[in-house]
Student: 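Have a look at this one before I ask anything.
Naming: A, B, ... by sequence-line order, numbering from 1 per chain. Here the structure is a predicted model, which means the values were calculated and not measured.
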Protein chains: 2
Amino acid sequence: MSSTQLSRKEQIDQVATSLFKSRGFAATTMRDLALELGIEAGSLYSHIKSKEDILQRVCFKMADEFNAAFDEVKNKDVPAGEKLRLAVAAHVRVLTKNPPAAGVFLNEWRHLSEPSLTKFHDMRYSYEESLRAIVREGIASGEFKVNDEKFVVLTLLSSLNWLHMWYKPEGKMSPDEIAEFLSNLLLNGLKNF
Amino acid sequence: MSSTQLSRKEQIDQVATSLFKSRGFAATTMRDLALELGIEAGSLYSHIKSKEDILQRVCFKMADEFNAAFDEVKNKDVPAGEKLRLAVAAHVRVLTKNPPAAGVFLNEWRHLSEPSLTKFHDMRYSYEESLRAIVREGIASGEFKVNDEKFVVLTLLSSLNWLHMWYKPEGKMSPDEIAEFLSNLLLNGLKNF
DNA sequence: AAAATTTGCTAACGGGCGTTCGCATTAGTA
DNA sequence: TACTAATGCGAACGCCCGTTAGCAAATTTT
C-alpha cells in the first residue's frame, strides 16, 4: 500500500510517464493511456489539458529535481575531485529515484513545442555549465590532468544518463554504490580503479 | 559532387535516416519524407516496401558495420588495455562515419517489429558480450583493477553512444583523436589522464 | 439536505496516417 | 524502333489520432 494516495491527475501522469518511456511519446496514444487506467480516452480530459501537457509536467518536474539536488553541492568548499563525486552522487540519486520519469526527461523532451522547448534547452545548458565549472576548477588546480572540460562533461553525462535504461531498484547495487563506482571509474580509470 | 551516385532507393533511405534521427521514427511521416525528396508520398512505394522496411535496412546495415569493424580487433594478440583501445577506436570510427544512421541505430531500433526486433536484440547482446570478454581478460591479468565487467562495458558504451548527438565532421577533433581521448579517460581517469 | 466538485461515459468531429491502385511518363536496352 | 524497367502522379481507401461536447453519476463540501 502506498503511504500517500495520488490524485487522478497524478495517476495519469505516472502511467503516462511509464508508457512514454517504454513506447515513446509519439507512439503512445491517449487510448492506450486510458486503457491502462481502465477509463475511456475522452475521460482523460476532465483532468488534463492535452497530451503535451503531461510531457511538460514530467520534463520540468525532473529538471527541478536535478537542479535542487545539484544546488546542495554547488557551493561546498571542497576540492574539485570531491565536488565532482558529490555532483555525480546527486545526479545518480535523482536518476534512480524515478527511472521512468528520468527516461522521459532524457529521451522525450524533444517532443515539447515552443516555448517550452527553448526553456528546456536553457535549463539543460545551465546545468551542464555548472558541471563544466567544477571540471575547470580541477584543471586549474592541477588536480585533473585533462585539458578539455567540454568533452569531459559530455562523457560524464553520457555515462550517467544511460543508467535509467538498465537500473532496477531491486538490483544488487544501491544508488550510492553506483555513484561511487562511476566516480572512481571517471576519476581514476580502469587501471587505477 | 559525389563520387558514386545513389539509386533512388538509397536516396530515400538516406533522407529517411536523417529525418528519423532528428524527429524520431514515429514522428516522421511518409509525406514529410516525400516532400524532402520533391515527390509525392505514394511515389515512394515504387521503391520501398513499407516505412518499417527503411528502418530495418538502416538498423541492420549499421549492425553489420559495427560487427565488421570489431572483427578486425577481436583476435589480435595484444594486452587487454591495448585491445580495448582498438575496440573503442573501431566503434568510434563507425559512429562518426555516418552520425544520422548511428542515431537511428541507437535510438529508433525499438520501433522494429518482430521478428526483426529479436534478431536485433541478439546481435546487440553478442556485441556487448565480446566487449565484456576483453574487460574480463584485463581483470584476470591484473591489468584492470576493477571487478565488475558488466558495469564497465555498460559505462563504456554509454559514453561512446552519446557521441552521435554532438559529433560534427567539421569539428576540431578527428574520430581517431576522439577515440584516443575516450580511451585515455576510461583507462587512466581524470586524475592520471 | 443542498450545492459544488470530481469523475466518467458515449458519440462524434476534423484531420492525418500508411498504403494501394491505375495510369502516365521517362530512360535505358536490344 | 520496340520493349522494358524505372520513376512518378493524383485520388482514394480504411483506419486511427487528439480532442470536444453534452450529459450523468458519484463524492465531497457546506
Student: Restricting to salt bridge (charged side-chain N to carboxylate O under 4.0 Å, His left out), what partner residues turn up for A:R136, sequence neighbours left out?
Tutor: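 Partners of A:R136 by the salt bridge (charged side-chain N to carboxylate O under 4.0 Å, His left out) criterion, ordered by chain and then number, come out as A:E129, A:E149.
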
Student: For B:D32, check salt bridge (charged side-chain N to carboxylate O under 4.0 Å, His left out) against everything at least two apart and list the hits.
Tutor: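 B:D32: salt bridge (charged side-chain N to carboxylate O under 4.0 Å, His left out) contacts with B:R23.
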
Student: According to side-chain hydrogen bond (donor to acceptor under 3.5 Å, both in side chains), does anything in residues 181-193 of chain A pair up with another residue at least two apart or in another chain? List the pairs.
Tutor: A:R85-A:N184

Student: Specify whether B:H91 and B:Y127 have parallel, tilted or perpendicular ring planes, treating 30° as the upper limit for parallel and 60° as the lower limit for perpendicular.
Tutor: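 Taking B:Y127 first and then B:H91, their aromatic rings sit tilted (interplane angle of 30° to 60°).
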
Student: What pairs of residues pass the side-chain hydrogen bond (donor to acceptor under 3.5 Å, both in side chains) test when at least one of them lies in residues 38-50 of chain B, not counting sequence neighbours?
Tutor: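 Counting only pairs at least two positions apart or across chains, no side-chain hydrogen bond (donor to acceptor under 3.5 Å, both in side chains) contact touches residues 38-50 of chain B.
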
Student: I need the full list of salt bridge (Lys or Arg N to Asp or Glu O under 4.0 Å) pairs touching residues 153-180 of chain A, with sequence neighbours left out, sorted by first then second residue.
Tutor: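 Sorted pair list: A:R93-A:D176.
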
Student: Please list, chain by chain and in numerical order, all residues satisfying salt bridge (charged side-chain N to carboxylate O under 4.0 Å, His left out) with B:K83, sequence neighbours excluded.
Tutor: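 B:E137.
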
Student: In B/S/- notation, 5' to 3', how is nucleotides 17-24 of chain C contacted by protein heavy atoms closer than 4.0 Å?
Tutor: BBBB----

Student: Using whole Å, report how far CG of A:L33 lies from P of D:dT19.
Tutor: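 These atoms are roughly 11 Å apart.
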
Student: If a pair satisfies side-chain hydrogen bond (donor to acceptor under 3.5 Å, both in side chains) and one of its residues is in residues 102-113 of chain B, list it, with sequence neighbours excluded.
Tutor: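 Checked against side-chain hydrogen bond (donor to acceptor under 3.5 Å, both in side chains) - neighbours excluded - the pairs reaching residues 102-113 of chain B are A:E108-B:R110, A:R110-B:E108, B:E52-B:S113, B:E108-B:H111.
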
Student: How would nucleotides 22-30 of chain D be written as a contact map, 5' to 3', with B for base contact, S for sugar-phosphate-only contact and - for no contact, using protein heavy atoms under 4.0 Å?
Tutor: ---------

Student: Salt bridge check, B:D13 against B:K9: does any charged N sit closer than 4.0 Å to a carboxylate O?
Tutor: no

Student: Suppose the criterion is side-chain hydrogen bond (donor to acceptor under 3.5 Å, both in side chains): which pairs have a residue in residues 59-70 of chain A, not counting sequence neighbours?
Tutor: A:E65-A:K97

Student: Rounded to whole angstrom units, what separation is found between the CG atom of B:L6 and the P atom of D:dT7?
Tutor: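 Value for this atom pair: 12 Å.
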
Student: In whole Å, I'd like the distance from the NZ atom of A:K9 to the P atom of C:dT5.
Tutor: 17 Å

Student: For A:E40, answer base if it contacts any base atom (sugar-phosphate contacts may also be present), sugar-phosphate if it contacts only those atoms, and nothing otherwise; contact means non-hydrogen atoms under 4.0 Å.
Tutor: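 Base, at least one base atom sits under 4.0 Å.
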
Student: Rounded off to whole Å, could you give me the CG-to-C1' distance for the B:L44 and D:dG10 pair?
Tutor: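 Taking atom C1' of D:dG10 as the reference, CG of B:L44 is at 14 Å.
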
Student: Residues in ring pair (Phe, Tyr, Trp, His ring centres under 6.0 Å) with A:H164, at least two apart?
Tutor: none

Student: What pairs of nitrogen or oxygen atoms, one from the protein and one from nucleotides 3-6 of chain D, lie under 3.5 Å apart?
Tutor:
none

